*Asks:* 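Below is the structure I would like to discuss, written out as C-alpha cells.
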Amino acid sequence: MPEVSRRAVMTSTLGGLGVAVAAASLPAAPAIAGLLSADAPAAEAQPLRSLFAPHVGRTFRAADGDRVLTLTLDAVNDLAPDGAPGDDYRFVLLFSGRGSTAADGIYTLSRSGVPAVSLFLNPVGPHGTTRTMQAVVNRTA
C-alpha cells in the first residue's frame, strides 16, 4: 500500500478548495460576497484620541478572550515629552477598574456608540482593589 504524506494531502486539499472557490465565484460572486459581508463582524477602528476624549468618565468593556473587565476611562493625556498637545495619533489612555485583577495584555475596548479598538493595556501604580490600566498610542498618521 503506498504511503501518502501530510504535505501531499494538504496540497491536494488546498488545490481542490482553490478550484471550488474559483468555480463558485464566477456566477454567484455578488450573492456570496453579500452574505459574507453581512455575517462578518465589524472591523476594528484605529485608535484615535478623538474616539476616546468625549468619553472620559464613562465605562468601557475590555475583553481579552479569557476575561471581560469593566473599566472607567479616567484620562486622555498627551504623550510626553515629545508629543504634540492634542495629537490624535500620540496619546495615553488611563482607565480604572474596581475589584478586578487585570494583567498585561491586548484587550478589545468597546462601548455603545464607539467602534471597537484593540490596544495593549498594562497595570500601573500600586496593587489594590482599584488598579490603573494604561494604553500608550504612539503612531504616525
Side-chain angles (χ1 to χ4, degrees), residues 2-141:
E3 217 171 293
V4 179
S5 70
R6 280 185 268 165
R7 185 181 309 241
V9 171
M10 291 302 295
T11 301
S12 65
T13 302
L14 292 176
L17 284 174
V19 170
V21 168
S25 67
L26 289 176
I32 292 172
L35 177 64
L36 292 177
S37 63
D39 293 340
E44 289 186 3
Q46 293 296 318
L48 299 171
R49 177 191 295 256
S50 57
L51 286 177
F52 292 96
H55 301 286
V56 172
R58 304 238 169 86
T59 59
F60 282 78
R61 181 179 178 270
D64 71 350
D66 293 329
R67 64 189 154 265
V68 176
L69 305 172
T70 300
L71 300 175
T72 301
L73 178 60
D74 293 327
V76 180
N77 295 332
D78 292 326
L79 185 61
D82 58 346
D87 190 339
D88 215 21
Y89 300 101
R90 302 177 73 193
F91 56 95
V92 177
L93 300 173
L94 295 173
F95 295 92
S96 61
R98 258 189 216 292
S100 59
T101 54
D104 292 9
I106 297 174
Y107 291 83
T108 300
L109 298 170
S110 59
R111 175 175 171 70
S112 179
V114 179
V117 175
S118 288
L119 290 171
F120 182 83
L121 296 176
N122 64 301
V124 294
H127 291 276
T129 56
T130 300
R131 192 76 196 266
T132 299
M133 299 287 288
Q134 79 171 356
V136 177
V137 177
N138 185 9
R139 62 190 195 91
T140 58

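Bear in mind the structure is a predicted one, so any value in this text is a computation, not a measurement. Worth knowing before you read on, the calculation uses all heavy atoms, side chains too, and leaves out hydrogens, waters and symmetry mates.
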*Asks:* Testing the basics here: between Ser50 and Asp88, what is the closest heavy-atom pair and its distance to 0.1 Å?
*Replies:*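 Scanning both residues completely, I find the closest heavy atoms to be N-OD1, 2.7 Å.
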
*Asks:* Can you list the steps and then say if Phe52 with Arg111 is a side chain to side chain contact (heavy atoms under 4.5 Å, CB included)?
*Replies:* CA-CA 10 Å; Phe52 292 96; Arg111 175 175 171 70; over 6 Å; no

*Asks:* Looking only at heavy atoms, which two atoms of Ile106 and Ser118 are closest? And how far apart?
*Replies:*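 Nearest heavy atoms, Ile106 then Ser118: CG2-CB, 4.3 Å.
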
*Asks:* Measure the acute angle between the ring planes of Phe95 and Phe60, then classify it against the limits of 30° and 60° as parallel, tilted or perpendicular.
*Replies:*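 Perpendicular.
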
*Asks:* Do you know the tightest heavy-atom contact between Leu71 and Gly97?
*Replies:*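 Looks like CD2-CA, 3.8 Å.
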
*Asks:* Just how far is it from atom CG of Leu69 to atom CZ of Arg61, taken to the nearest 0.5 Å?
*Replies:*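 These two atoms lie 10.0 Å from each other.
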
*Asks:* Test Ser96 against every option in Thr59, Thr132, Asp74 by the side chain to side chain donor-acceptor pair (under 3.5 Å) rule and name the one that passes.
*Replies:*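 Among the candidates, only Asp74 passes.
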
*Asks:* Could you tell me the separation between the CG atom of Leu48 and the CG atom of Asp87, rounded to the nearest 0.5 Å?
*Replies:*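 With rounding to 0.5 Å, CG (Leu48) is 10.0 Å from CG (Asp87).
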
*Asks:* Quick one, Glu44 with Leu119, criterion side chain to side chain contact (heavy atoms under 4.5 Å, CB included). Give me CA distance, side-chain angles, the key distance, then yes/no.
*Replies:* CA-CA 11 Å; Glu44 289 186 3; Leu119 290 171; over 6 Å; no

*Asks:* For Pro47 and Val117, which heavy atoms make the closest approach, and how far apart are they?
*Replies:*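 Nearest pair, atom of Pro47 first, then Val117: CB-CG1, 3.7 Å.
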
*Asks:* Looking only at heavy atoms, what is the nearest atom pair of Ala103 and Pro123, with distance?
*Replies:*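 Scanning both residues, the minimum pair turns out to be C-CD, 4.1 Å.
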
*Asks:* Rounded to the nearest 0.5 Å, how far does CG of Asp64 lie from CG of Leu109?
*Replies:*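 Reported value, rounded in 0.5 Å steps: 11.0 Å.
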
*Asks:* A side-chain contact here means heavy atoms from C-beta on lying under 4.5 Å apart; do Leu79 and Phe91 qualify?
*Replies:*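 In short, these two side chains do not touch, never coming nearer than 4.5 Å.
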
*Asks:* Report the distance from atom CZ of Arg90 to atom CG of Asp78, rounding to the nearest 0.5 Å.
*Replies:*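 Going from the CZ atom of Arg90 to the CG atom of Asp78 covers 10.5 Å.
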
*Asks:* Taking all non-hydrogen atoms of both residues, which atom of Ala135 and which atom of Leu121 are closest, and how far apart?
*Replies:*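 In this case the closest contact between Ala135 and Leu121 is CB-CD2, 3.3 Å.
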
*Asks:* Report the C-alpha separation of Arg58 and Leu73 in whole Å, then their side-chain angles, then the decisive distance to 0.1 Å, and conclude whether the side chain to side chain contact (heavy atoms under 4.5 Å, CB included) test is met.
*Replies:* CA-CA 6 Å; Arg58 304 238 169 86; Leu73 178 60; 6.0 Å; no

*Asks:* Going from CE on Met133 to CG on Asn122, what distance comes out if it is rounded to the nearest 0.5 angstrom?
*Replies:*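 The CG atom of Asn122 is 6.5 Å from CE of Met133, to the nearest 0.5 Å.
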
